[in-house]
Amino acid sequence: MFTNNLQLRYANELHNYDVYPKVVQAGKISSITIAPRGHHAAFTHESYRLSLHPWDEGSPWYYPDYNNEFSFDVKPDEDGCIRFSFEFFGCQQFYVRLKNEKFNLQLSVFCVDDDLAGRYPFRGDLHLHSNYSDGRQAPAIVAANYRKTGYDFLAITDHHRYAPSLEAIEVYKDVPIELCLVPGEEVHAPQDETHLNDMHILNFGGLHSVNDMMEDADEHFATIDAYMATLDIPACFVGMERYYYASCHWIFSEIRKAGGLGIFCHPYWLSDVLQIPPRLVNKLMQHLPFDAFEVLGGESNMEQNNFQTVQYYEDKARGRNYAIVGSTDSHNSVNSRDSHLCCTMVFAQANERESLIDAIRDDYSVAVDTMDETPRLVGDMRLVRYGCFLLKEFFPLHDELCFEEGRAMHDYACGVPGAKETLEFLSGRMAKQREKYFGF
């Protein structure tokens, strides 16, 4: 994963020194602890010069009148840790540097605005498949494999099927796990020669199936024909587009009634040609009441995710604001590339269905592209900056705990003796880690 000297330095410092909390609230005095991870990293000198450098204030050399350096002397406490207190400011990263004539160490802390205090970062996937549609593994195995790779929440979203997501939840109902399993499905409207709708729509977290409401195609066509008459369809939708709009509008409305998040999926997917003509995409982006847009959709070709990212930023420039998510759309959870392509980082108050849905709806999410070794984040600048910090300074430690729980989940799903006891032993570690590293 780490391919250059700077990244290697981050890796060494992260695993040699523990800094907590890593995230603090602006305008409040926070007490920070720096603890060596092993005697090889012990603070062996009597005193050190500690300096804090906020990212947004520039270099002290070039901007001497800015508030860009705060320095004071510190000494190790009896337990070998160094502690200091400071009132951090702004929504930004701070370098924490410790120096003397024989020592030079750089660590980091992030300061967040009041609205982010009390919100924690959870990584998840809102779009993936099991062997009940075109995936490879059983739902419970998919969940375990995803947990091993660092996911906090997910929904099995098989084509036309809601039950597989419930199966994953059912398998683990009697053991304590900190992976949030959410019901879901990929919704596909029935079609005939006069009723056409090829949009893929995700029902994330809905408490009942929308696919099941469309089992009788003729009845559904009649429902949408009648529904279309009740809508004030924008004039830009003409011909067959009027049914397309009404059908999608109805599906998103029903997902919302079910308590779910309705997600507009991968319009720039190359399915022979682009799945949805761009002129229609632009109309849908302007008028369609979806809850979130899958700006990163899992494909590894250049076009899909790049085109969708440009669509998102151009829409923002036009004044069109909507929530975004990123998902793998994976069909094989064993292949680490498939289950690492993209994810969503959600800043929510709890890793629970309703809290995650509310946070995404309220624009507290970024999409993360991890196709290459250097991640690319899509979203608002403030959250992207925060997310970049977390990917370097928090999630590598978080993922170690996820891996252990994921392995035990896999064993439990396969009936391995002792797996339940292992999960009970591991339970609660993620919550304690959040409490340690987020100083709210």
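Basis for what follows: all heavy atoms, side chains included, without hydrogens, waters or symmetry-related copies. Please read all numbers here as calculations on a predicted model, not as lab measurements.
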Does [Y] offer a backbone N or O that forms a donor-acceptor pair with the side chain of [X] under 3.5 Å?
X	Y	value
Tyr313	Gly379	yes
Thr309	Asn305	yes
Ser209	Asn211	yes
Glu178	Met430	yes
Asp158	Pro164	no
Arg353	Gly205	yes
Asp192	His195	yes
Gln308	Tyr268	yes
Gln286	Lys283	no
Asn332	Arg136	no

Distance-only polar pair, side chains of [X] and [Y], donor-acceptor under 3.5 Å:
X	Y	answer
Gln311	Asn282	yes
Asp380	Tyr386	no
Gln25	Asp114	yes
His127	Glu186	yes
His129	Asp329	yes
Gln275	His266	yes
Tyr364	Asp358	no
Asn203	Glu185	yes
Asp212	Tyr162	no

Beyond-backbone contact of [X] with [Y], side-chain heavy atoms, under 4.5 angstrom:
X	Y	value
Glu299	Leu270	no
Phe221	Thr194	no
Asp152	Arg147	yes
His287	His249	no
Phe347	Leu390	yes
Leu284	Met199	yes
Asp399	Thr149	no
Val368	Leu296	no

Flag if over 12 foreign heavy atoms under 6.0 Å of [atom1], [X]:
X	atom1	answer
Arg256	CZ	yes
Tyr132	OH	no
Glu435	CD	no
Tyr63	OH	no
Glu354	CD	no
Tyr227	OH	yes
Lys28	NZ	no

Would you compute the distance between atom [atom1] of [X] and atom [atom2] of [Y] and round it to the nearest 0.5 angstrom?
X	Y	atom1	atom2	answer
Asp125	Thr328	CG	OG1	3.5 Å
Leu356	Leu261	CG	CG	10.0 Å
Ser85	Ile29	OG	CD1	7.0 Å
Ile360	Asp291	CD1	CG	9.5 Å

>> Quick one, Ser355 with Gln349, criterion side chain to side chain donor-acceptor pair (under 3.5 Å). Give me CA distance, side-chain angles, the key distance, then yes/no.
In response: CA-CA 6 Å; Ser355 184; Gln349 294 176 343; 5.1 Å; no

> Phe290 vs Phe252 aromatic rings, parallel, tilted or perpendicular, using cut-offs 30° and 60°?
Replying inline: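 The rings of Phe290 and Phe252 sit tilted, inter-plane angle from 30° to 60°.
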
What do you reckon, are the aromatic ring centroids of [X] and [Y] less than 6.0 Å apart?
X	Y	result
Phe438	Phe394	yes
Tyr312	Phe293	no
Tyr437	Tyr120	no
Tyr245	Phe237	yes

Indicate the atoms forming the closest heavy-atom contact of [X] with [Y], along with that distance.
X	Y	value
Met345	Gly387	SD-CA, 3.8 Å
Ala367	Val295	CB-CG1, 3.5 Å
Glu294	Ser327	OE2-CB, 3.7 Å
Asn68	Pro54	O-CD, 3.6 Å
Glu69	Ser71	OE2-OG, 3.4 Å
Ala292	Val325	CB-CG1, 4.1 Å

> For Arg385, which residues count as a side-chain hydrogen bond (donor to acceptor under 3.5 Å, both in side chains) partner, sequence neighbours excluded?
Replying inline: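 Per chain and number, Arg385 pairs via side-chain hydrogen bond (donor to acceptor under 3.5 Å, both in side chains) with Asp56.
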
> Hey, mind stepping through Val378 and Val366 against side-chain contact (heavy atoms from CB on, under 4.5 Å) and telling me if it holds?
Replying inline: CA-CA 6 Å; Val378 179; Val366 294; over 6 Å; no

> Who pairs with Asp315 by salt bridge (charged side-chain N to carboxylate O under 4.0 Å, His left out), at least two apart in sequence or on another chain?
Replying inline: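 Applying salt bridge (charged side-chain N to carboxylate O under 4.0 Å, His left out) to Asp315 gives Arg318, Arg320.
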
>> Between Glu404 and Arg429, does any side-chain N to carboxylate O distance fall below 4.0 Å?
In response: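 Between Arg429 and Glu404 there is a salt bridge, with a charged N closer than 4.0 Å to a carboxylate O.
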
>> Applying side-chain contact (heavy atoms from CB on, under 4.5 Å) to Ile255 and Phe204, what does each step give before you reach the verdict?
In response: CA-CA 8 Å; Ile255 291 173; Phe204 175 82; over 6 Å; no

>> Working note: His15 + Glu400, criterion side-chain contact (heavy atoms from CB on, under 4.5 Å); need CA distance, chi angles, decisive distance, verdict.
In response: CA-CA 12 Å; His15 290 89; Glu400 291 178 351; 3.3 Å; yes

>> My understanding is that only one of Phe89, Phe110, Trp55 makes a ring pair (Phe, Tyr, Trp, His ring centres under 6.0 Å) with Phe94; could you say which?
In response: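 When Phe89, Phe110, Trp55 are each tested with Phe94, the ring pair (Phe, Tyr, Trp, His ring centres under 6.0 Å) holds only for Phe89.
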
> Should Leu423 and Glu405 be marked as a side-chain contact (heavy atoms from CB on, under 4.5 Å) after you check the CA-CA gap, both sets of side-chain angles, and the distance that decides it?
Replying inline: CA-CA 7 Å; Leu423 286 169; Glu405 182 174 86; 3.9 Å; yes

